[in-house]
Amino acid sequence: MNKSNLGLPIGTTLDRFIKQKQDQFSSATGELSQLLRDIALAGKIINREVTNSGLLDISGGFGSKNVQGEDQQKLDVIANIRFTRALKNGGMTCAVVSEEEDEIIHLNPDCRYVVAMDPLDGSSNIDVNVSIGTIFSIYKRISPVGGPVQDEDVLQKGTEQVAAGYILYGSSTMLVYTTGRGVHGFTLEPSLGEFVLSHDSMTSPEDGKIYSINEGNYLKFDPWVREYVDDCKEKGMTARYIGSLVADFHRNMLKGGIYLYPNTQKDPNGKLRLIYECNALAFIVEQSGGIATNGEQRILEIQPKEFHQRTPFYLGSKKMVETALSFIKSTETVAG
Ligand code: P6P
């Protein structure tokens, strides 16, 4: 028998890929590599629980609210515990900021990496079997190693991220991350329990025909947003919005598109959180050739003032975001 017919090659696992990238930096200590592995491990555990949530009676509401005043789903709480425990046991993280926790979670003061995360975004979709995701950002602490983590360690601009990524629990489970040298996607091979490289050096199409926005808020949007949405319709674009940021973002990055979560009179800063949702996806979209803005400046340039602060959020294909921004200017001209 021709040995080359003995099954498909497994491909490059996440572990091997991380090690290969680490070897390119002589100064690398392996700490960031281990931290990425810790996140991947937690992702595999959450994947198992998300997949079986209907059978394990862990879907539905937990009966409490997070700092945002939003009802926590059981899996929100479980995911938060799983990721925090994985990061604590991995021994590479000094502190975690999580959507599910009011304050900083202090872990090992002798470590130099801070993680900001939304352990399970889109959780309202859990019970209806729609894709959901984890979002994470990694920073180097500013305060001295060994001492207590300070607010300044967390309130860093998105430009200071050393790595960022997401895990998408969808028709397949993917981990997508960047360390500032391109965007790389790994698909979980469940029978092996390994994330395998499936989307090397992901790039976002410069233009696209998909716009993602909750049009139920149309009457609450600023005039420029309404005019932009009307323009998308007049151009025959496709509306795709599943209420799960990671899933909408991932599709738009692959196919070309724009995601918009604008401010409204009710929510003057929009809904999405800067530190553990927007910064990570902004880093990724810029690394793939796209744009991420709050309508006035790069998301990554916003100086955070509070852990859970929100921001208007517009990101995706370069030309689509530039077109959307042109509507702001045209309205200002009219208004001005
Ligand atoms: P709305 C989920 O709660 C989330 O944070 C994102 O995943 C999603 O894109 C957005 O909010 C949905 O919000 O107001 O359209 O239901």
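Each residue takes its place number in the sequence, starting with 1. Whatever order the structure lists ligands and atoms in, that order sets their numbers, starting from 1. On a predicted model such as this, the values are computed, not experimentally measured, just so you know.
- Between the side chain of R141 and the backbone N or O of C111 there is at least one donor-acceptor pair closer than 3.5 Å.
- Each of I138, T178, N279 was checked for a side-chain contact (heavy atoms from CB on, under 4.5 Å) with Q161, and the lone residue meeting it is N279.
- When only modelled atom types and interatomic distance are considered, S98 and N80 share a side-chain donor-acceptor pair under 3.5 Å.
- Hydrophobic cluster membership differs between F136 and F283, with clusters built from Ile, Leu, Val, Met, Phe, Trp and Tyr side chains linked at under 4.5 angstrom.
- Nearest to atom 7 (O) of ligand 1 by heavy-atom distance, out of T264, D121, D118, is D121.
- Within the listing of ligand 1, atoms 2 (C), 7 (O), 8 (C), 9 (O) sit less than 4.0 angstrom from a heavy atom of G243.
- Some N or O of L245 is nearer than 3.5 Å to an N or O of ligand 1, by distance alone.
- When hydrogens are left out, the protein atom nearest atom 14 (O) of ligand 1 is Y261 OH, 2.6 Å; that is the closest non-hydrogen contact.
- Taking 4.0 Å as the cut-off, D248 does not count as a neighbour of ligand 1 on heavy-atom distance.
- Connection of F249 to V130 is not established within any shared hydrophobic cluster, with ILVMFWY side chains joined at heavy-atom distances below 4.5 Å, either directly or through further cluster members.
- In N214, the part holding a heavy atom less than 4.0 Å from any atom of ligand 1 is the side chain.
- By the criterion of side-chain heavy atoms lying less than 4.5 angstrom apart, applied directly or through intervening Ile, Leu, Val, Met, Phe, Trp or Tyr residues, F313 is not grouped with I213; the two fall into different hydrophobic clusters.
- Using a 4.0 Å cut-off between heavy atoms, V246 makes no contact with ligand 1 at all.
- Taking every heavy atom of L272 and a limit of under 4.0 angstrom, the matching atoms of ligand 1 come to 5 (O).
- Looking from atom 9 (O) of ligand 1 to the surrounding protein, the closest heavy atom is Y259 OH, 2.7 Å.
- Hydrophobic clustering (ILVMFWY, side-chain heavy atoms < 4.5 Å, transitive): V196 and M174 are in distinct clusters.
- At least one N or O atom of K271 sits closer than 3.5 Å to an N or O atom of ligand 1.
- Atoms of ligand 1 found under 4.0 Å from any heavy atom of Y241, numbered from 1 in the order shown, are 1 (P), 9 (O), 10 (C), 12 (C), 13 (O), 15 (O).
- Considering backbone and side-chain atoms together, N217 places no N or O closer than 3.5 Å to any N or O of ligand 1.
- Ring pair H199/F186: centre-to-centre distance not below 6.0 Å.
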